[in-house]
Amino acid sequence: MLKILKRALTIGVATSPYPASIPEPPEGLRGKPVIDFARCTACDTCAAACPTQAITVETENASVPGGPGAKHLSINYGHCIFCGECEAACPEAIHLTQEFELATARKSALTTRARFTVNREGIFILVGVEAQETSAGETLEDVGMQLREKVRQRLGRSLHIREVDAGSCNGCEVEISALNNPVHDIERFGIHFVASPRHADMLLVTGPVTRNMEIALRQTYEATPDPKLVVAVGACAIGGGIFGKSYASCGGVDTTVPVDVYIPGCPPRPEALLHGILLAIGRYPEKKKSTSMIDREV
Amino acid sequence: MNRTHDYIALLTESLGDRVTIREGTATNEVYLTLRQEALSVLPDTCALLTESLGAHFTTLVANDERTLNGRLSLYYVFSVPAKDLFVILQVPVDPRHMEVPSISPTLESANWFEREVKDGFGIIAFPNISPLASHPDWPEDVHPMLKDVDLKRPVPRVRGRFDFKHVEGEGVFEIPVGPVHAGIIEPGHFRFSVAGEPIINLDVQLFYTHKGTEKMAEGMDPQRAVFLAERVSGDSSFAHALAFCHALERLSGAEIPQRAVMIRTILLELERLYNHVGDVGAILLDVGYAVGAAAAAELKERLLHLNELLTGSRLLRSLAVFGGVRRDPEETASRRQMLRETLGQVERSFGDLVELVMSSSSVVDRLEGTGVLRRTDAERLGATGIVGRASGIDRDFRRDHPHCAYPYLQFTVASHDEGDVLARMQVRIDEVRQSFMMLEQMHHQHLGEAILAQRVEIPPLRQALGYVEGWRGDIVHWVMTDKSGNIFRWKVTDPSFRNWRALTVAVQNNIVPDFPVINKSFNLSYSGNDR
């Protein structure tokens, strides 16, 4: 007992200040890949290098004689496994940033699309980039506000989460478990992981939804009392990830149950998970720099 | 080389009348092909290999080779630790008569392998026919691993019920658990039969996380399939990816730069560290020792954070690649220093933690004598890795089938005889200490700059094993390339597949409330098992 007491007195605080302030991400962190479309020649190299078809190229009028008239290059962060193959294939125009807070309530916001047309020399010229975040007229904050209202009114400030592995590789579980460690300590927000869907306000779902988990996931969803939130964690849960759609995989959580928030990553690091969960309940602080935020939140 | 030849001579002498012998592409693989007329002595041949020739059953690979030679094949893979050899017994299967005699009656560790082959390929190992991978709503005549079954085509559901072993008698109850469990863990269904508190029988239904991973790789560029291998089991991302790369390198004869070999070894040990430290904490959590659990969780987080600092990925992803590694985690002086400092701190803190835990009789009492897996059962069921080593099976691929930089490192293989939860925790504690020692030996070794081999073509129609000792145990991959050098067949064997049955035996006669801690002490992968 005395040894334990001594430990407790000497060890100090291990908990990270996130999200009140964001700890400096490590230099090699592979976050959101960004394509500099101004330098892009629509050559397809990145799309060919991408193992999960997060980067795709569509060609318009491919059947017209004289070659393609236009190309669309899309990057979908929801499908991205952050491997860095695109950057290696095209260091001129693609760069993996350190941005990891990528969660969103709208799936379409995960895609950025650029249109290229071909000129007389056969070179593709950038026409425009549609970053979907702003195109639909509804901003992330709007969606966040709506959710915040919905959840705040009905669930209050304490959230209970049931984690459901719908066929993941266990990578996401490693990171979700890390939310319970003293460093990330999700309980400081009044958020608890519970043992039954009947006790839960939120389902945190990982995996591509395998054929063998499809029914179990649906039943778990039905067993969760309303109002409820569903958060899809990781590339598999968002769109099947590297496993896609097959005899064994449905290809994403929203094929089976409605999803409120998507958290990209393979797997998302704990801070990215916290970001997504807090976003879902409208508690992600808008001014990240305020260091007093944690105290107020708790 | 001599040892290999001696052993082949021995094989010829004992089995020459029923098999033809050829050497594999990789130098420590010997392929035996069973003659058609000798099919009835297959079980006897396997028994001879294990009982008289020092071989241990490792995995069973089925392969639909109809497009190549008009038949299917079964490959029974045995490890011969004393000779650093793999004996692979090939049994041709006629597509019009997809049946072979089961080897399970003499070699029980093959039981699940045979049943998985039946579900995947429709090859019956008579009379071992009950489904394993196929769930009851799966149509009986659909065998997804056959080449003529389309990966993308959905399979209709049929009506069916799980067939569990029923225990009847006064006061006997069944407790169904899962597939959605209470903790943050993977899905599987457990069916306990209990009389009061003690567990009489445990049946498991797995394959809830089956993602068709092996089939998906077929026809894929092997370099790309590495990303798939990384996602066989998330907590063994690097080990699986590396085992797969080893298979490719062995079948193509690629020479890996020394520096890359060293980095791979460092990464394997870093993966072992974070998992072992985390497991010690998880065991403590399940016996209610919150102080120790929190301390271990904090150490695990520090190790995961170190991984991210060194490599950009907490789970060591996107590092293994055919021919070497993508990044050097010790690239800069500051990273080298960070690695050394963090490991030093974690080593000290872990030492303090172990001392604290082992001096707490309330913890030790709960772990001692709980969930005993006896050596005879462990041997019989083919238990491997930390589970096997905690039950007195002194085998470790790092020593027995030297790979990576292990032949150049000094370490001892942890082994305990008690087979209880405490022994499984003790094996982990010992291995953590060995890992720190090995990492110290590997610290900043100057072995040249190259971390990637010269480009080597992956040859067509070759097959080879690739293996590593992951943190759970030996991970064995078998890869065969097609005519254009893409994947024809990829078989993944995670140690979990060989240990699940041992868990069901270890829990017998224990009380239900001890199940979580017993389960945690095994910490088997569902995804690695189900793929």
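In what follows, chains are A, B, ... by sequence order, proteins preceding strands, each numbered from 1. Hydrogens, waters and symmetry mates are skipped; everything else that's a heavy atom, side chains included, is used.
Interface remark: A:E173 contributes backbone and side-chain atoms alike to the contact with chain B (heavy atom separation under 4.5 Å). Both the backbone and the side chain of A:F243 come within less than 4.5 Å of a heavy atom of chain B. Using a 4.5 Å cut-off between heavy atoms, A:P51 touches chain B through backbone and side chain atoms alike. At a 4.5 Å heavy-atom cutoff, A:V209 makes no contact with chain B through either its backbone or its side chain. Using a 4.5 Å cut-off between heavy atoms, A:S177 touches chain B through backbone and side chain atoms alike. Contact of A:T52 with chain B is not made at all, since no heavy-atom distance falls under 4.5 Å. The parts of B:A295 that come within reach of chain A are both its backbone and its side chain, each placing non-hydrogen atoms under 4.5 angstrom from that chain. Only the side chain of A:E85 comes within contact range of chain B, judged by heavy atoms closer than 4.5 Å. For a residue to count as touching a neighbouring chain, one of its non-hydrogen atoms must lie under 4.5 Å from one of that chain's; by this rule B:P329 does not touch chain A. If you measure heavy-atom distances from A:A49 to chain B, the contacts under 4.5 Å come from the backbone alone. Proximity to chain A is limited to the side chain of B:L356, based on heavy atoms less than 4.5 angstrom apart. Contacts between B:L151 and chain A at a heavy-atom distance below 4.5 Å involve backbone atoms as well as side-chain atoms. Heavy atoms of A:P267 lying under 4.5 Å from chain B belong to its backbone as well as its side chain. Heavy atoms of B:I185 lying under 4.5 Å from chain A belong exclusively to its backbone. For B:T311, the part sitting under 4.5 Å from any heavy atom of chain A is the backbone (N, CA, C, O) and nothing else. Contacts of A:E175 with chain B are made by side-chain atoms alone, with heavy-atom separations under 4.5 Å and no backbone atom involved. Heavy atoms closer than 4.5 Å to chain A are found in the side chain of B:V180, but not in its backbone. When heavy atoms are compared at a cutoff of 4.5 Å, A:R211 approaches chain B by way of both its backbone and its side chain. Contacts of A:C236 with chain B are absent, with no heavy-atom separation under 4.5 Å from either backbone or side chain. The contact between B:R326 and chain A is made entirely by side chain atoms (from C-beta outward), counting heavy-atom distances below 4.5 Å. Residue B:N275: no heavy atom, backbone or side chain, is found under 4.5 Å from chain A. Proximity to chain B is absent for every atom of A:L204, based on heavy atoms less than 4.5 angstrom apart.
The shortest distance between side-chain heavy atoms of A:H199 and A:R162 does not fall below 4.5 Å. A:C86 places none of its side-chain heavy atoms less than 4.5 Å from the side chain of A:C50.
Taking B:V142, B:D530, B:V291 one by one and counting their heavy-atom pairs under 4.5 Å with chain A, the maximum is reached by B:V291. Heavy-atom pairs under 4.5 Å with chain A peak, among B:L319, B:L310, B:D235, B:L304, at B:D235. Between chain A and the residues B:M220, B:R224, B:R153, the largest count of heavy-atom pairs under 4.5 Å involves B:R224. Most heavy-atom pairs under 4.5 Å with chain A: of the set B:W138, B:F207, B:Y274, this distinction falls to B:W138. Each of B:M216, B:E230, B:R314 has some count of heavy-atom pairs under 4.5 Å with chain A, and the biggest count is that of B:R314.
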Derivation of the salt bridge (charged side-chain N to carboxylate O under 4.0 Å, His left out) call for B:E308 and A:R30: CA-CA 9 Å; B:E308 192 176 46; A:R30 290 192 294 282; over 6 Å; no
Derivation and outcome, side-chain contact (heavy atoms from CB on, under 4.5 Å), residues A:V164 and A:Y221: CA-CA 10 Å; A:V164 183; A:Y221 180 79; over 6 Å; no
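Residue A:Y247 forms a side chain to side chain donor-acceptor pair (under 3.5 Å) with just one option from B:K211, B:H210, B:K215, and that option is B:H210.
Relative to the ring axis of A:F100, A:K32 does not place its NZ or CZ within 45° and under 6.0 Å from the centre.
Here the CD atom belonging to B:E186 is positioned 5.5 Å from the OG atom belonging to B:S527, to the nearest 0.5 angstrom.
Aromatic ring orientation, B:F190 versus B:Y526: tilted (interplanar angle from 30° to 60°). Below 30°, between 30° and 60°, or above 60°: for B:F162 and B:Y208 the angle between ring planes is above 60°, a perpendicular geometry.
Residues B:E298 and B:R302 are paired through a salt bridge, judged by an N-O separation under 4.0 Å between the basic side chain and the carboxylate. Between B:R531 and B:E214 there is a salt bridge, since a side-chain N of the basic residue sits under 4.0 Å from a carboxylate O of the acidic one. In summary, A:D226 and A:K228 engage in a salt bridge, as defined by a charged side-chain N under 4.0 Å from a carboxylate O.
Defined by atom type and a distance below 3.5 Å, a donor-acceptor pair is present between the side-chain atoms of A:E187 and A:H192.
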